[in-house]
Amino acid sequence: MTIELSKGYDPTDVEPRWYAEWIRAGHFNAEDTGDAANAYCIAIPPPNVTGSLHMGHALFSTIQDALIRTARMRGFNTLWQPGVDHAGIATEVVVSRLLASEGTSRKELGRERFLQRVWQWKEQSGGRITEQLRTMGASPDWSRERFTMDEQCSRAVREAFVRLYEEGLIYRGERLVNWSVKAQTVISDLEVERAEEDGELFSFAYLFADGSGEIIVATTRPETILGDTAVAVHPDDPRYKDAIGKQLKCPFADRTIPVIADSVLVDMKFGTGAVKVTPAHDFNDYETGRRHSLPFINILNLDGTLNENGAAFAGRDRFDARKAVKKALDEMGLARERKQHRLSIAREARTADILEPMLLPQWYVHAKPLADKALAAVREGKTTIEPEEWVKTWEHWLTNIQEWCISRQLWWGHQIPAWYCDACKEITVARTTPSKCSKCGHTSLKQESDVLDTWFSSALWPFSTLGWPDKTKALETFYPTSVMETGYDILFFWVARMMMFGIHFMGEVPFKRVLLHGMVCDERGEKMSKVKGNVIDPLHLIHGATLPTIVEAASQRGTSAEDALKKFKQCYPSYAERGEGFAAFGADAVRFYLATNPPQATRINLQLRQVERARNFANKLWNATRFALPYLEPLFDEGADGSMPSAAEMSPADRWIVARLAAATEEVNRGLDEFRLDECSTAIRRFFWDELCDWYLELSKPVLNGADERAKSTTRRVLARCLEASFRLLHPIMPFVTEELWQKLPASVRAPRANGAVATHVCVAKFGAIGDYARDEAAERALAFVQGVITAARNIRGELGIKQKDAIALRVRPASDEQRALLTQYDAQIRALTIASGVTIEAPGRRPRGVGFAVVEGAEVIVPLAGLIDPAAEQARLEKEIAKGKKDLEKVNKQLSNENFIARAAVEAVQSTRDEAASLAARLGKLEEALAVVREADAR
RNA sequence: GCGGGCAUAACUCAGCGGUAGAGUGCGACCUUCACACGGUCGAAGUCACAGGUUCAAAUCCUGUUGCCCGCACCA
């Protein structure tokens, strides 16, 4: 039987096939065994139901899938818990837009019909991302997919809310919150996006009520004058000493406000040193208001218009009112100065609406006691955070924890299970809809219309998905989960809150390790956004796309093709200059590329050429296998022995490659355990490409094509085993190509499952473990010599410009019997790889004239140049070598002449330096002798 | 303002106490029967700057400069 592979690897053909096959085989399914010791679990950071795959998802799915696949191959009962969250604001925005396009609105439909509509939208177009994760090769247990709004998660949310309320950790209170007029809801402090923008600082005068003059204050929001309840000055400010305590006239209302002294709010050096105080519409003023017991005057309606406190401006929109107030002050002769001013503006992320601080009753979680426990858990090592740079940030945030506002004025979400009694106004909080008031027994109850923050349900995710509040077998098996892997940017949003709730409700941390990754940015390090026109769709990299398609997807709708292309080229200069689209690089390539980035990087600057490089690596795997398969034919026979040969049977090259495999296996395992996928990918790439392909395959060719059947059999098995082992090591990062190629190998060389049973797929074959293969120092030394001779000869060829077609008559003078034997054994290989007509073993004696010369491990490599090139060219090359050798030797000698070094450095350090000096000196001596010969020849 | 991080080859980044590494890019040569998505050879770095600790510092400490990220402030 002969398996023929096409010349190049085509991921588009391979990837979908294997995904379907894995699912069919049920390999991703976990079991609720109750055996926690053998369980491995990661709860997916649930993507938004509105979302579609972006680079961030591609990154997390690559990392988590690699960890999950490794654990599965190692024989753990592995659960990657999938699901999406309901994304309160985002979903309402999406569906509201849809409704607007249909000429209707949320309000028009009413709560019930609106929610029906959202569910309908969710069924049709929500959760597209879970399909896309399949394209990435992600291997969660899809049979357990959860949604934060499904029955199970909703029950957990109600239970959590009620318990926290009963424990006094949830309360309703009136505080200043960030109100979004456009989104019609409050948002939490964490979700506020601040940016510097240009604005105007407007100054005007407050007149004293007694007519004794004025105080000038400045503001960027003149309409808030209507809510002012004081003007503050610094108590130490001599300018205003007499003003303190006096009353000022409100320009638009029939009331007066006091001048107060406050050293916290007022910076004497800023502006006039006097500040208007609007406690109901500014966070600092709010605190000031509380300190001085000032009245809180709310001037805004929820729709952003001014309310009855807005006097003449009542009913006008906040921004109209601003203009009108300025004009009015102008007309009253109170306006003083206008100047351009940079200020930081708070906006809501989804709608870009300017947020208004407003005084509204909301529900809060009293976070402090929960945060203390989360803090302690990390300090006590119950949960580790990696990379550890983030621990300080974690500590800082949790020690300064703010109350968590959990109510949102949305319809889409978990409606708060609190009921207000019409009769006594008391609040009844209950798991199921109560029939009467818990206080007065009245039956006229109305449920709180607000819903909970999406993060509230997400915070329960690691255990709500496993069946909490019931005591389930799944919880017993998989809680605490093994790892939480996510972007550092949601350390607070999510990780901290999961920790708080996990510890509180489960009595145990929700995960043992927190692994954080960075943000995928464009080539220049800019965050991806449609505004910048630098968004890359991972699916375009996977399936291929033309440049116009890529560019169109990169930018906002409505951007001209020309502009979009210009922006794109700026963001990806090194790639865009080619003017090409993407070939279908495949999910494996995208994964491999993403895995090469170290986890400490807060930014991963997308290098499109590197994705290409990763694709090339897949092709390399393919072609190495394509080369090997015909030679492996005997291993396909019934009952063929595909075992790894014993060391005694193997040649030095065989032992060497197995030793290198052992090293790679070690590095890959270490990399995985230390959350360093970059080191895994480097190690496996180096082993496969630089060692297996560049050396072992080349050295094996003469053996495989030769007549020595025993050597052939050994090499065949070593080669097959190395390929097989490589595919297993690489599988967690490049699942598709490794599965495809592993399946093509003879069954006789394929590893079984971790439990010894036959593995039908590489995705369940035993993962390579440290100790599976033997290190072999003698073989490494031997091959260093053989490779050294070949490299030296190639170097002479290359530097002296010997033509490829010209064979050299290589001569080597070995420094030991071992070297002599290796030269004989690898005669064919050395000839082939250096394009030599022969390798003559040179007896000791005088150096011949007219040769290229090099020293390798004490042996002399001699390349006669007669008839090929002018031997004089060798002089320059030798001089360069000698100069380099002298410099190295000088450095080492200097160190050895330092008495302190000899006396104080570690014994091994001194010895290795001495050895180094000796070998450098010997080498230099030989090179100098060779140079002398060249000069002599030249002089004649 | 407070806190954190980063400065290493043209680019993107590893290395974090014992003679400077990778990939890309660059230059030269090669279509040799796995792969041009390839092969061989080569050029390229006072490891930001200034001090200190050490026998030894890219690596540890201090300071300076320049970037970046949080948090706060910006009337």
Side-chain angles (χ1 to χ4, degrees), chain A residues 5 7-9 194 196 199 201-203 217-221 224 231-232 265-267 270-278 282 284-285 341-344 389-390 392-393 396-397 400 488-489 491-492 519 523 525 573-574 583 585 589 596-598 600-607 609-610 612-630 676 678-679 682 685-686 693-694 697-698 701 705 790-791 794-805 832-835 887-889 891-892 895 898-906 908-910 912-913 916 920:
Chain A
L5 300 189
K7 191 175 170 188
Y9 174 59
R194 290 180 174 280
E196 291 250 309
L201 192 61
F202 179 87
S203 306
V217 296
T219 179
T220 53
R221 296 186 298 160
T224 60
V231 164
L265 180 71
V266 182
D267 173 2
F270 191 93
T272 57
V275 190
K276 61 194 266 323
V277 183
T278 323
D282 181 283
N284 291 306
D285 293 1
H341 181 66
R342 284 293 279 182
L343 75 164
S344 139
E389 285 92 307
W390 293 108
K392 281 179 191 164
T393 312
H396 186 254
W397 191 75
N400 297 294
Y488 71 86
D489 50 324
L491 185 62
F492 308 139
M519 199 188 305
E523 193 184 313
S574 77
F585 297 133
T596 58
N597 294 285
Q600 298 93 315
T602 50
R603 280 155 190 266
I604 294 169
N605 301 357
L606 180 59
Q607 306 273 312
R609 313 283 276 247
Q610 301 277 36
E612 223 177 274
R613 177 77 186 169
R615 182 272 314 257
N616 295 354
F617 180 47
N619 190 56
K620 192 75 180 175
L621 299 167
W622 179 266
N623 271 292
T625 310
R626 178 170 178 242
F627 161 79
L629 279 176
R676 289 298 302 259
D678 57 322
E679 291 183 352
T682 306
R685 195 210 59 83
R686 182 175 34 221
C693 289
D694 288 355
L697 280 188
E698 296 303 334
K701 283 176 181 175
N705 292 319
I790 292 167
T791 304
R794 282 172 168 174
N795 174 283
I796 290 166
R797 289 195 70 109
E799 291 214 20
L800 296 183
I802 298 173
K803 294 270 186 297
Q804 209 81 8
K805 60 177 170 45
L833 296 179
T834 61
I835 316 178
K887 216 174 110 189
D888 289 346
L889 183 60
K891 210 166 171 181
V892 177
Q895 202 173 3
N898 181 344
E899 284 172 29
N900 276 324
F901 173 67
I902 307 296
R904 299 192 172 186
E908 314 85 70
V910 176
S912 78
T913 308
E916 182 69 27
L920 279 173

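So you know, we letter chains A, B, ... as the sequences are listed, proteins then strands, and number each from 1. A quick note: this is a predicted structure, and the numbers were derived from the prediction, not measured. As a basis for the values below, the full set of heavy atoms in this structure was taken, side chains included, without hydrogen atoms, waters or symmetry mates.
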Sugar-phosphate, base or nothing in reach of A:S912, heavy atoms under 4.0 Å: nothing
Closest heavy-atom pair and its distance - A:V217, A:A274: CG1-O, 3.7 Å
Separation of B:rG4 C1' from A:W390 CH2 (nearest whole Å): 8 Å
A:N605 side chain, from C-beta outward: closest of B:rC41, B:rC13, B:rG23: B:rC13
Touch class at under 4.0 angstrom, heavy-atom based, for A:R603 against every strand present: sugar-phosphate
Whole-Å C1' distance, B:rA14 and B:rA58: 12 Å
Interatomic distance, A:N597 atom CG to A:Q607 atom CD [nearest 0.5 angstrom]: 8.5 Å
Bracket notation of RNA chain B in which parentheses pair within the strand, [ ] cross earlier pairs, and | pairs with another strand (Watson-Crick or G-U, under 3.5 Å): ((((((((.[[[[.)..(..]]]].(((((.......))))).....[[[[[..)....]]]]])))))))....
Sugar-phosphate only, base, or nothing, as touched by A:S344 at under 4.0 Å among non-hydrogen atoms: base
Between B:rG39 (P) and A:R794 (CZ): distance, integer Å: 11 Å
Worked check of salt bridge (Lys or Arg N to Asp or Glu O under 4.0 Å) between A:K701 and A:E698: CA-CA 5 Å; A:K701 283 176 181 175; A:E698 296 303 334; 3.3 Å; yes
Rounded distance in Å between the P positions of B:rG39 and B:rG66: 45 Å
Atom P, compared across B:rC13 and B:rU8: separation rounded to whole Å: 10 Å
Separation of B:rG18 C1' from A:I902 CD1 (nearest whole Å): 13 Å
A:L5 versus A:R626, closest heavy-atom pair with distance: O-NE, 3.1 Å
side-chain N/O A:R676 vs B:rG15 OP1/OP2, d < 4.0 Å: yes
B:rU32 versus B:rU40 - spacing of their C1' atoms, nearest Å: 12 Å
Per A:Q610 side chain, nearest of listed nucleotides B:rC41, B:rU19, B:rG23: B:rG23
Nearest heavy-atom neighbours spanning A:R609 and A:S574: NH1-O, 2.5 Å
A:N900 vs B:rA56: side-chain N/O to OP1/OP2 distance below 4.0 Å: no
Between B:rA7 and B:rA50 - C1' atom distance, rounded Å: 15 Å
Distance test, side-chain N/O of A:N284 to OP1/OP2 of B:rC73, below 4.0 Å: yes
Separation of A:N616 CG from A:Y9 OH (nearest 0.5 Å): 13.0 Å
Pairwise C1' distance, B:rG15 and B:rA57 [rounded to whole Å]: 14 Å
Nucleic acid footprint by protein, nucleotides 5-11 of chain B - heavy-atom cut-off 4.0 Å, B for base, S for sugar-phosphate alone: S------
B:rC11 to B:rC29 separation - P atoms, rounded to the nearest Å: 27 Å
Sugar-phosphate, base or nothing in reach of A:R615, heavy atoms under 4.0 Å: base
Distance-only donor-acceptor check, side chains A:T596 and A:Q610, under 3.5 Å: no
Give every pair of a protein N or O atom and an N or O atom of nucleotides 30-36 of chain B that lie under 3.5 Å apart, one pair per line with the distance.
from   : atom 1 : to     : atom 2 : distance (Å)
B:rA34 : O3'    : A:R626 : NH1    : 3.2
B:rA34 : O2'    : A:N623 : OD1    : 2.4
B:rA34 : O2'    : A:R626 : NH1    : 2.9
B:rA34 : N7     : A:K701 : NZ     : 3.4
B:rA34 : N6     : A:E698 : OE2    : 3.1
B:rA34 : N3     : A:N623 : O      : 3.2
B:rA34 : N3     : A:A624 : N      : 3.4
B:rC35 : O4'    : A:N623 : OD1    : 3.0
B:rC35 : O4'    : A:N623 : ND2    : 3.4
B:rC35 : O2'    : A:N619 : ND2    : 3.1
B:rC35 : O2     : A:K620 : NZ     : 2.9
B:rC35 : N3     : A:K620 : NZ     : 2.8

Spacing between A:F901 atom CZ and B:rA57 atom P, to the nearest angstrom: 12 Å
Rounded P spacing from B:rU62 to B:rU53 in Å: 15 Å
A:D285, A:D282, A:T219 screened by side chain to side chain contact (heavy atoms under 4.5 Å, CB included) with A:T224, the one that passes: A:T219
Protein-nucleotide distance (A:F270, atom CZ; B:rC73, atom P), rounded to Å: 14 Å
Sugar-phosphate only, base, or nothing, as touched by A:E679 at under 4.0 Å among non-hydrogen atoms: nothing
Interatomic distance where CD belongs to A:E612 and C1' belongs to B:rG38 [whole Å]: 14 Å
Closest-nucleotide 5' rank along RNA chain B - winner of A:L265 and A:E799: A:E799
5'-most by nearest nucleotide on RNA chain B - A:I802 or A:F202: A:I802
For atom CZ of A:R685 and atom C1' of B:rG23, their distance in whole Å: 7 Å
A:K803 NZ to A:R797 CZ distance, which is reported to the nearest 0.5 Å: 10.5 Å
Atom-to-atom span, CG of A:L606 to C1' of B:rG23 - whole angstrom: 15 Å
A:R797 (side chain) and B:rC41 (base): donor-acceptor pair under 3.5 Å: no
